[in-house]
Amino acid sequence: MSVRLAVFASGGGTNLQALIDRFHAAKESPVRIALVVTDREDSQALQRARDAGIYGTVIEVAKRPVDFVARETLAALDGADIDLVALAGYLRLVPAAVIRRFRERVINIHPALLPSFGGAGMYGLHVHRAVIDSGCPVSGPTVHYVDEEYDKGRVIAQWPVPVVAGDTPESLAARVLEVEHILYPAAVELVARSISRGVHVMPDAVSKRCFVQAPQNAPTEADIRRALGIH
Ligand code: GRF
């Protein structure tokens with residue numbers, strides 16, 4: 001049985017498209033995209049859902065009491081019998097009542113290596129500008145569980161992407177986004193498979209499956225001196 005996925009998106013929806021391309025046409029997919037939720041009638045994500053024949057709905061958030069938004073969101077999720085929610089460029093805080101009902105069943109992709117460069121106001125090009133301004137030589141997407149705060153939940157998967165000399169926020173965003181489109185479908189599948197096995201994915205179990213690409217061995221002093229250009 002497929003895990004029924006809802007995707008929440010506010011903007012361009014290229015990550016939604018990557019999920020559609022990976023799961024929607026496949027015959028025996030572990031994931032069925034059953035619902036797309038957006039807070040903006042004019043989001044390209046909604047159009048992408050319609051083009052793929054997926055039910056999309058607008059739940060407005062701006063200037064509405066959070067309990068209205070929570071009630072409407074839960075009704076949409078229950079109505080489509082949703083098991084897992086993937087945020088993909090959703091620029092709103094998911095109401096706490098929704099998180100409580102879907103604890104460890106709401107995930108997000110963020111375009112930097114959390115816990116750095118996250119939090120309120122850290123979205124879009126702001127994130128990539130902050131990475132470049134910090135001088136950090138590496139960035140990359142993070143897939144994580146969503147809790148009541150922005151970008152704070154436990155990490156599921158990350159992949160490093162280099163920051164190169166002369167990078168602009170736009171060029172770095174494009175390099176990271178290319179990896180997001182591969183990482184997010186894989187991470188969604190990882191979480192979906194554990195849900196369909198009936199495993200409650202507790203953070204400790206996830207960390208063992210986390211596919212952070214890290215060197216297997218500690219570097220030698222020579223490795224570090226070479227990397228720093230000390231001869
Ligand atoms: C992505 O960079 C994602 O990491 C962030 O918002 C952006 C959404 O892009 N959460 P798109 O709408 O999927 O193209």
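Atoms within a ligand are numbered from 1 in the order they appear, just like the ligands themselves.
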For Ile109, is at least one N or O under 3.5 Å away from an N or O on ligand 1?
yes
Would you check whether Gly13 reaches within less than 4.0 Å of ligand 1, judged by its heavy atoms?
yes
What residue and atom, counting heavy atoms only, is the protein's closest point to atom 9 (O) of ligand 1, and at what distance?
Asn15 ND2, 3.9 Å
Taking only heavy atoms of Gly12, which atoms of ligand 1 are found under 4.0 Å from at least one of them?
12 (O)
Starting from the C-alpha separation in whole Å, work towards a yes-or-no answer on side chain to side chain contact (heavy atoms under 4.5 Å, CB included) for Arg103 and Asp147.
CA-CA 8 Å; Arg103 181 76 64 197; Asp147 63 15; 4.2 Å; yes
Return the residue, atom name and 0.1 Å-rounded distance of the protein heavy atom closest to atom 4 (O) of ligand 1.
Glu180 OE1, 2.7 Å
Could you check whether Arg71 makes a cation-pi contact with Phe68, meaning its NZ or CZ is under 6.0 Å from the centre of the six-membered ring and within 45° of the ring axis?
yes
4.5 Å side-chain heavy-atom contact, Leu19 and Pro185
yes
Looking at Thr14, which atoms of ligand 1 are within less than 4.0 Å of one of its heavy atoms?
11 (P), 12 (O), 13 (O), 14 (O)
Residue pair Ala112 / Val131: nearest heavy atoms and the distance that separates them
CB-CG2, 4.4 Å
Can you tell me the protein heavy atom closest to atom 7 (C) of ligand 1 and the distance?
Gly89 CA, 4.2 Å
May I ask you to check whether Thr14 and His181 show a side-chain donor-acceptor distance below 3.5 Å?
yes
Which heavy-atom pair separates Thr38 from Ser43 by the least distance, and what is that distance?
OG1-OG, 3.1 Å
